[in-house]
Amino acid sequence: MTVTRFAPSPTGFLHVGNLRTALFNFLIARKGGGQFILRLDDTDPERSRPEYADAIKEDLEWLGLTWDRVETQSSRLDRYAAAADKLRAMGRLYECFETPVELDLKRKKQLNMGKPPVYDRAALRLDEAEKAALRAERGGYWRFRLDHERIKWTDGILGDISIDAASVSDPVLIRADGQVLYTIASVVDDTEMGITHVVRGSDHVTNTATQIQIITALGGRLPSFSHHSLLTGPQGEALSKRLGTLALRDLRAQGIEPMALLSHLARLGSSDPAVLFGSLDELIAGFDLSHFGAVPTKFDVADLRPLTAKYVSRLSVEEMAPTLARIGVPDDLAPAFWEAVHENVMTREAVAEWWALCRDGAASSIAPEDAEFVATALAMLPEPPFDTTTWGTWTKAVKATTGRKGRGLFMPLRKALTGIEHGPDMGRLLPLLQKLPTRS
Ligand code: GLU
């Protein structure tokens, strides 16, 4: 069975970058009829917050990305300790004592000498007495000893990968204060939870190399790994600094529709054409991870707006009913109102502006050269109630009387009735206008 997980740290709000990872893992699990686990990587007690964990769930629920169960790393610390003991017993976990400042100095020296800044394993050369002294002075932290060989895997997106373990520092698995780090916690979870597919950002490629050795050392089964490209801004600039402004909850507040966002992200960076899907089922059926490429993917939040407008325009009056009722559209007018305005709104909430126009009328906008024409036309407007033929009959009569036609005929009348130059079909809108300009 396919088992995937989305593993955010509850240290902030989800943004579009996280969503790409969540969505891919969700789609793979659902497509394979498998399980999708929401795993909260909350081993950092200082930065993890329950409010963020709640916000993550709320954002995923808004999008309809349902999970089969939640796992929290903070409740599995004993499992990580057991794995660490096992690695220690095998001689694969060793204690180190350098301070961050000392490590930084080493790295600078290596770089100055044109060498890669890989940890030099100095701690492996300490004898027991030296270690005891350092331990008493500053406490030790623990690194996994990599086997210096090439680490290879066939990546679901990047293809064949081969990384020389000697070019990578032995990863720190446990900090001096005892905090277990992501690298081992994730491995233990992936192994014990039977994760079959791991999809994450390409910033994790080196982690994957080291995790493959840790999983193998612990006797676990390797999942299939795929690394999607990272999102950039529209000009190819790094998105990392702007991700704070691309939080899912902000997009929701702006009226972006879940299906517009999901459709966009399910195809962005893939060789499949962009599509606005109508449902999660369609989206699942149309997803193929192998069609995604390795190059950084440009993301422009502006692309979500026309997609949202398109999605909203396709909603039925029944689907719009809660919004229409909330803004005060009477039930009997709702179908005609939605029919009139559905192609003229960027978001669901934007219908409120058209309803305000229908209910309250608009300040007429009449150019001086049109004043006489508009007055003549308004005098010819029959008494309400109007129907959808009124506009056509009226403008035909006005045309016959004034000799005006085309834009010169219609635009001044639209502006006189709605105050603006664009908007819904006037034939549909006119019967809904409850306050008309005063006629002379
Ligand atoms: N908590 C990790 C992150 O957000 C998870 C990475 C992974 O998928 O393994 O980067």
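For ligands, and for the atoms within them, numbers begin at 1 and follow the listed sequence.
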Out of all atoms in ligand 1, which are within 4.0 Å of some heavy atom of [X]? Include the element for each.
X      : value
Asp41  : 1 (N), 2 (C), 5 (C)
Arg200 : 7 (C), 8 (O), 9 (O)
Ser9   : 1 (N)
Ser186 : 9 (O)

Phe13 vs Tyr52 aromatic rings, parallel, tilted or perpendicular, using cut-offs 30° and 60°?
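Rings of Phe13 and Tyr52: perpendicular, over 60°.
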
Is it the case that the ring center of Phe277 lies less than 6.0 angstrom away from the ring center of Phe287?
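Distance test on ring centres: not under 6.0 Å, no.
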
Please indicate whether any nitrogen or oxygen in Ala7 is less than 3.5 Å from any nitrogen or oxygen in ligand 1.
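Looking only at distances, the answer is yes, because the N/O contact criterion of under 3.5 Å is met.
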
Identity of the nearest option to atom 8 (O) of ligand 1, non-hydrogen atoms only, from His204, Arg39, Arg5, Gln73:
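Among His204, Arg39, Arg5, Gln73, the closest heavy atom to atom 8 (O) of ligand 1 comes from Arg5.
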
Heavy-atom neighbours of Glu58 CD exceed 12 at 6.0 Å
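Count over threshold, so yes.
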
Check this for me: Arg221, atom CZ, are more than 12 non-hydrogen atoms of other residues, nucleotides or ligands nearer than 6.0 Å?
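No, because the 6.0 Å sphere around CZ of Arg221 holds 12 heavy atoms or fewer from other groups.
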
Using a strict threshold of under 4.0 Å (side-chain N to carboxylate O), is an ion pair present between Arg143 and Glu95?
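The answer is no: the pair does not qualify as a salt bridge.
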
